[in-house]
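What you see is a predicted model, and the numbers here were worked out from it, not measured in a lab. Each residue takes its place number in the sequence, starting with 1.
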Amino acid sequence: MRPESDRHERIDLIDVDPEVFVDSAPRQPRPEERRRQAVKGVGVVAVIAVVALFWWPRTPPPEWQVFQPAVVPAAGMTEELIFDDPPGILVTADLGPRPSDVKPELGYVFAEPGGTMLTRRWASFRAKSTNLPDALVPADVDVENVANVDDVPVDVRRVRVRHYLEWGPLDGHTWSATTNLFDEDEAIEFANHVAIIEGQPALAHRYDLDDMQPVGSTAALDCVVMLTSLLGGDRLLGPVMPTLLTWAPPAEPGQLQTLEGGVSLASIAAPADALPLVEFVLGAGQSTTVHGQPAVLISSKSLGPVVAWLEDGRLIMVEGDVPPAELIFLAESVRPATSGEWRVVVRTDIRNDGGITFNVGDGVIIFEGIDSSTGDGLALTVQVVEDQVLVCLEVRPKTRSDSTVCDASLGVVELPLLRTIDLNGQRFLIAMAASEAEVHIKLADKTSTYPLEDFGPTLPGLTVATLLPTEYGVVQLVAGGEVIAAI
């Protein structure tokens with residue numbers, strides 16, 4: 001037996017090997033070995049990273065910055081809007097006529113912060129579809145010595161600080177661009193970096209916008225310009241048309257009614273990006289809300305105080321020389337009109353056709369019928385303004401709002417009158433005479449007769465109108481047994 005004192009003898013362990021004490025235990029590296037292994041691991045990872053940097057396929061950055069085309073939608077809210085408590089009497093109504101058959105152009109607007117159409121640097125471009133082939137620079141012309149966009153000649157015009165460029169056809173489109181406070185070389189450089197990518201306007205990422213930022217689509221810009229132009233007294237034609245109503249305090253007895261002190265309500269179907277372009281056109285304003293929607297209050301140099309907002313696909317503006325709080329109050333009161341309220345508006349509709357200003361509601365209904373292809377009701381009216389014969393057709397659909405289209409092409413009143421006129425895809429016959437007469441329309445198997453009627457002193461003679469059948473022969477205006485006019 002070992003002595004008692006030997007029980008506490010110290011044993012120094014050198015190079016401890018766990019396998020001596022634990023069966024099958026893995027050998028743990030010493031601290032020095034762990035450090036060496038860590039350094040080796042970092043080195044291997046670094047080498048792999050460097051190799052991957054040059055070998056691993058990388059996704060190239062996109063070449064184009066694409067923007068939403070922002071086409072004008074079918075507005076959920078119609079033009080039939082009024083104030084809940086109008087500030088006066090309705091003195092004018094300029095309802096949107098039938099839109100022109102023109103598709104909105106694709107394009108976009110870029111501008112410096114706070115910039116407007118009249119201030120600071122901005123640029124825009126537009127593209128319109130075409131089936132014409134590309135208009136390349138002739139082979140015998142040095143392309144480097146002519147102004148061109150992608151080897152297509154470009155026409156450049158300058159008006160003061162603004163450049164207007166037109167080129168194409170190119171890539172299935174005709175193109176235009178407008179720049180403000182650019183020199184000619186800068187304007188052409190901008191034009192060389194625009195495109196239409198899969199039906200969307202685009203700008204090359206490599207193009208340096210400097211301080212300019214995307215503002216909105218040219219489709220939205222056109223809607224704002226048409227709406228503000230109508231508020232300024234000038235109606236433009238486009239693929240969508242605005243409507244304008246104006247109320248004013250009633251005139252004093254014996255005085256003519258004027259627009260002084262009036263407030264106008266105007267609207268147009270517009271894309272979702274229209275509101276920023278209101279400030280681009282009219283100038284910077286103050287943010288507010290109307291009906292819970294973002295709105296802007298602007299003290300415009302051209303129109304005066306204006307509040308604008310976008311609601312349910314429609315850009316709405318209220319304009320009048322009243323305090324801002326009252327203007328916003330009126331905007332908050334805007335609501336859809338009842339059918340009866342809108343009939344009053346239609347009777348006040350002021351139009352300008354061929355330079356003649358007239359009120360649609362002053363026309364005399366001389367024909368009412370049904371469109372056999374659609375089932376829509378039709379009402380044809382006629383009136384004489386400034387010795388000119390004006391004809392208007394009101395279409396009364398069953399499922400949507402009424403629309404009215406007018407025509408002043410009949411010219412100066414000269415009796416007897418026997419004419420055809422095409423409105424809304426329909427051909428009508430109109431006849432007038434100073435005395436009793438009737439119209440004979442020869443068909444394949446018979447002759448239809450229509451006597452002229454007296455519609456009162458507002459028309460210069462007896463009148464009749466009818467919707468012509470698809471196939472008809474000779475048309476005669478007969479008075480006293482004699483043919484006095486024929487078609």
Side-chain angles (χ1 to χ4, degrees), residues 95 97-98 346-396 402-487:
L95 306 186
R98 182 172 297 279
V346 170
R347 290 197 295 269
T348 316
D349 184 11
I350 300 297
R351 297 286 183 89
N352 187 297
D353 196 318
I356 302 171
T357 300
F358 61 97
N359 189 322
V360 174
D362 291 340
V364 178
I365 297 178
I366 58 174
F367 170 81
E368 290 185 282
I370 300 294
D371 185 334
S372 59
S373 62
T374 64
D376 295 341
L378 303 173
L380 193 73
T381 66
V382 64
Q383 60 180 297
V384 178
V385 180
E386 300 176 8
D387 295 327
Q388 305 283 316
V389 180
L390 283 162
V391 180
C392 293
L393 176 67
E394 182 184 1
V395 182
R396 301 165 175 171
D402 295 358
S403 63
T404 302
V405 58
C406 299
D407 192 299
S409 63
L410 294 183
V412 177
V413 177
E414 291 184 4
L415 302 182
L417 181 149
L418 183 66
R419 295 280 295 276
T420 62
I421 188 168
D422 295 328
L423 295 169
N424 197 47
Q426 307 283 350
R427 175 162 291 184
F428 294 87
L429 176 76
I430 299 175
M432 285 187 182
S435 58
E436 292 186 4
E438 58 187 21
V439 170
H440 297 171
I441 302 177
K442 294 186 178 182
L443 305 175
D445 56 348
K446 64 178 181 178
T447 297
S448 297
T449 301
Y450 300 87
L452 276 62
E453 301 179 38
D454 185 358
F455 287 93
T458 57
L459 297 184
L462 305 180
T463 308
V464 72
T466 188
L467 184 62
L468 282 170
T470 304
E471 295 182 0
Y472 61 92
V474 177
V475 179
Q476 297 176 330
L477 180 59
V478 180
E482 295 185 4
V483 177
I484 59 176
I487 297 176

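Under the 4.5 Å side-chain criterion, counting only non-hydrogen atoms from C-beta, Glu368 is in contact with Arg396. A heavy-atom distance below 4.5 Å is not found between the side chains of His440 and Ser448. A 4.5 Å side-chain heavy-atom check between Leu418 and Ile487 finds at least one atom pair inside the cut-off. In this structure the side chain of Leu429 never reaches within 4.5 angstrom of the side chain of Ile421, judged on heavy atoms. Two residues are said to be in side-chain contact when any heavy atoms from C-beta on lie closer than 4.5 Å; Leu393 and Asp407 fail this criterion. Between Leu378 and Val395 the shortest side-chain heavy-atom distance falls below 4.5 Å.
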Side-chain donor/acceptor pairs under 3.5 Å, residues 463-480, sequence neighbours excluded:
unit_1 : atom_1 : unit_2 : atom_2 : d
Thr463 : OG1    : Gly461 : O      : 3.1

Would you tabulate the side-chain donor-acceptor contacts of residues 380-391 under 3.5 Å, counting partners in other chains and residues two or more places apart, or write 'none'?
unit_1 : atom_1 : unit_2 : atom_2 : d
Thr381 : OG1    : Cys392 : O      : 3.4
Gln383 : NE2    : Asn359 : O      : 3.0

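With sequence neighbours left out, Glu438 forms a salt bridge (Lys or Arg N to Asp or Glu O under 4.0 Å) with no residue at all. With sequence neighbours excluded, no residue forms a ring-ring contact (aromatic ring centres under 6.0 Å, His included) with Tyr450. Among residues two or more places apart in sequence or in another chain, the salt bridge (Lys or Arg N to Asp or Glu O under 4.0 Å) test is passed with Asp371 by none.
Taking all atoms of both residues into account, the shortest heavy-atom contact from Leu462 to Leu452 is O-CD2, 3.3 Å. Scanning both residues, Ala431 and Val439, for their nearest heavy atoms gives CB-CG2, 3.6 Å. Shown here for Val360 and Cys406, the closest heavy-atom pair between the two residues is CG2-SG, 4.1 Å.
Atoms CD and CG, from Glu394 and Leu423 in turn, are 13.0 Å apart once rounded to the nearest 0.5 Å.
The main-chain N or O of Gly456 is found under 3.5 Å from a side-chain atom of Asp454 such that the two form a donor-acceptor pair.
Applying the salt bridge (charged side-chain N to carboxylate O under 4.0 Å, His left out) test to pairs two or more places apart or on separate chains, those with a residue in residues 416-431 are Asp422-Arg427.
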Mind running side-chain contact (heavy atoms from CB on, under 4.5 Å) on Leu417 and Ile430 for me, showing each step along the way? CA-CA 8 Å; Leu417 181 149; Ile430 299 175; 4.1 Å; yes

